[in-house]
Protein chains: 2
Amino acid sequence: MARPRAEDYDDKRKAILKTSAELFAEHGFDRASMNQIALGCGVSKALLYHYYANKDALLFDIIRDHLDELIAAVEEGATPEMTGEEMLHGYVLALLDAYRDANAEHKIQINEMKRLPAEQQEELKARERRLVQLFAGALSHAVPQLAEPGSTLLKPVTMSLFGMVNWHYLWFREGGAVSRADYARIATRLILDGARSLAA
Amino acid sequence: MARPRAEDYDDKRKAILKTSAELFAEHGFDRASMNQIALGCGVSKALLYHYYANKDALLFDIIRDHLDELIAAVEEGATPEMTGEEMLHGYVLALLDAYRDANAEHKIQINEMKRLPAEQQEELKARERRLVQLFAGALSHAVPQLAEPGSTLLKPVTMSLFGMVNWHYLWFREGGAVSRADYARIATRLILDGARSLAA
DNA sequence: CCTACCGATCGGTAGG
DNA sequence: CCTACCGATCGGTAGG
């Protein structure tokens, strides 16, 4: 009879993913060795290779899981009956909130994605594009002039918002004078008021 | 008598710096080998080590030179008789313009600085702080409420601007629908109109 | 200014 | 025939 998959297989896989994400974020993908990761996870290197065929697969899975969680969180951040402005704020708040326990994964997404082969990068970039589309949609809803044919504003304004939000990990400190909710309101306000003024 | 320094010493050093910056940006600091860099520069590895004691020194010099050029460019981007708004726009335009021929150096500053020992990082971060101070100063000048005692807005608004501008290299394309000058106006507008609305 | 190497450590795989 | 896991070590390459 075939040996069944261990019942804690998925828990172990998640634990490996979290530990390796922290090591990759701290030391960088190239410098965090498979030996260090195995040691940090309390497993043998051979077991590590049982879960992941190679180091790249580990990196890919970290970023894919992270992006899937961001997309899910953002999609739940707004409802169809909201106004465009409420929707955009809901998305920004949900995204900043999702980053709370995913600082390591966020750094890895930003800094280490380019270590992967082109094909795997493409699969991850498709997820990034989905995330961008959600925000661009809310922005178009909130400031319809941005989406008018001939307007070149939607892309730079959307990317400005991503710049703000994806840059926050470099200066934002938990428990500081500005909370995540505060910054969600600030970022939404900068983008919306600015965009309305630009569109006028 | 001591051997005099070669008359083209500085030219060679700058050429090494530019070539290695491109290799670091393309492959990452850890993967771009000193052998590759020597080959790319058309010099022997031994000559490379004549100019730079080790790989870290090369990385440090790339980022230091880059930051010094950014600070100089930004400082020349505005004059004291300008209004706060003109000053901020002058700074943003100067910074985006300085990035035009420094894409590799910018990527390295963002992605590879943490590979350096803490002491060297600190020296570079001091330069980053000077740059931030220039923008925070112009912002305070343009929207005085941001600098009022008790206000917590100056930092997040300044960092939002840096997020926008430092994120541009991921989406901006030379010769596209939006020029650097266009984006300087957009970013300045988003920040200024948004900040005024927040301060009110 | 070159080439020949070094101590160390890398990602990945062997047999059982 | 599958998956779960070990101690030991592979061929190559890094910075210097």
Side-chain angles (χ1 to χ4, degrees), chain A residues 1-17 19-63 108 112-117 119-120, chain B residues 2-13 15-17 19-63 108 111-117 120:
Chain A
M1 195 176 149
R3 186 169 175 175
R5 180 164 280 191
E7 55 186 78
D8 59 349
Y9 182 92
D10 255 22
D11 290 345
K12 276 193 177 166
R13 196 189 124 269
K14 288 261 180 197
I16 288 172
L17 229 48
T19 302
S20 52
E22 278 156 12
L23 288 166
F24 286 154
E26 188 181 347
H27 303 109
F29 178 68
D30 287 330
R31 295 191 187 191
S33 73
M34 291 299 264
N35 277 319
Q36 276 175 45
I37 291 168
L39 202 69
C41 296
V43 300
S44 70
K45 197 160 70 161
L47 181 60
L48 187 57
Y49 274 99
H50 172 68
Y51 282 87
Y52 288 98
N54 51 51
K55 210 183 181 186
D56 280 0
L58 199 44
L59 177 59
F60 178 80
D61 229 31
I62 290 169
I63 304 179
I108 292 165
E112 313 288 0
M113 202 162 112
K114 67 169 91 67
R115 306 285 154 244
L116 289 170
E119 207 175 325
Q120 293 190 30
Chain B
R3 188 169 171 175
R5 182 162 279 193
E7 54 186 76
D8 60 351
Y9 183 92
D10 256 21
D11 290 344
K12 275 194 179 167
R13 196 189 123 269
I16 288 171
L17 229 48
T19 300
S20 51
E22 277 155 14
L23 288 166
F24 286 155
E26 188 181 345
H27 303 109
F29 179 67
D30 286 331
R31 296 190 187 192
S33 73
M34 291 297 265
N35 277 319
Q36 276 176 45
I37 291 169
L39 203 67
C41 296
V43 302
S44 69
K45 197 159 72 163
L47 179 59
L48 188 55
Y49 275 98
H50 172 67
Y51 281 87
Y52 288 98
N54 53 49
K55 209 182 180 185
D56 280 1
L58 199 44
L59 178 59
F60 178 81
D61 229 31
I62 289 169
I63 303 179
I108 292 165
N111 297 321
E112 312 288 1
M113 203 164 113
K114 68 169 90 68
R115 307 283 154 245
L116 289 170
Q120 293 189 28

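Per chain, numbering begins at 1; letters A, B, ... match sequence-line order.
- For B:Lys45, counting side-chain heavy atoms from C-beta on, the closest listed nucleotide (D:dG16, D:dC5, C:dT13) is D:dG16.
- The B:Ala46 side chain lies nearest to C:dT3 when the options are C:dT3, D:dC6, D:dG16.
- The minimum heavy-atom distance between B:Ala38 and B:Leu48, with the atom names listed, is N-CD2, 3.9 Å.
- Heavy atoms of B:Ala32 sit under 4.0 angstrom from primed sugar atoms or phosphate atoms, though from no base atom.
- Qualifying side chain to side chain contact (heavy atoms under 4.5 Å, CB included) partners for B:Ala46, counting only residues two or more places apart in sequence or in other chains: B:Ser44.
- Contact check of residues 52-61 of chain B against DNA chain C (heavy atom, cut-off under 4.0 Å) returns no residues at all.
- Between the CG atom of B:Leu47 and the P atom of C:dC1 there is a distance of 5 Å, rounded to whole Å.
- At least one side-chain heavy atom of B:Arg31 sits less than 4.5 Å from a side-chain heavy atom of A:Phe29.
- Pairing analysis of DNA chain C (Watson-Crick: purine N1 to pyrimidine N3 plus N6-O4 or O6-N4; G-U wobble: N1-O2 and O6-N3; both under 3.5 Å) yields no stem of 3 or more pairs.
- Residues of residues 19-31 of chain A that place a heavy atom closer than 4.0 Å to DNA chain C, in numerical order, are A:Asp30.
- One finds a salt bridge joining B:Asp61 and B:Arg13 here, because a Lys/Arg side-chain nitrogen approaches an Asp/Glu carboxylate oxygen to under 4.0 Å.
- Close to D:dC5, at under 4.0 Å from its OP1 or OP2, lies no side-chain N or O of A:Ser44.
- Between B:Met34 and B:Leu58, some side-chain heavy-atom pair lies under the 4.5 Å cut-off.
- To the nearest angstrom, C1' of D:dC10 lies 13 Å from CG of A:Asn35.
- Rounded to a whole Å, the CD1 atom of A:Ile37 is 11 Å from the C1' atom of C:dG11.
- The closest side-chain heavy-atom distance from B:Tyr52 to B:Ile37 is not below 4.5 Å.
- Note that the CD atom of B:Gln36 and the NE2 atom of B:His27 stand 5.5 Å from one another [nearest 0.5 Å].
- Look at CD on A:Gln36: it is 17 Å from P on C:dA8, rounded to the nearest Å.
- The phosphate of D:dT3 (OP1 or OP2) has no side-chain N or O of A:Lys12 nearer than 4.0 angstrom.
- Scanning for side chain to side chain contact (heavy atoms under 4.5 Å, CB included) contacts around A:Gln120 gives A:Phe60, A:Leu116, A:Pro117, with sequence neighbours left out.
- Look at CE on B:Met34: it is 17 Å from P on C:dT3, rounded to the nearest Å.
- Here NZ of A:Lys55 is found 5.5 Å from CG of A:Asp30. Values are rounded to the nearest 0.5 Å.
- A cation-pi arrangement is not found for B:Lys12 relative to B:Tyr51, the charged atom failing to lie both closer than 6.0 Å to the ring centre and inside a 45° cone about the ring normal.
- A straight line from OH of B:Tyr49 to P of C:dC5 spans 19 Å, rounded to a whole angstrom.
- Under the rule for a side chain to side chain contact (heavy atoms under 4.5 Å, CB included), A:Leu39 has no partner lying at least two apart in sequence or in another chain.
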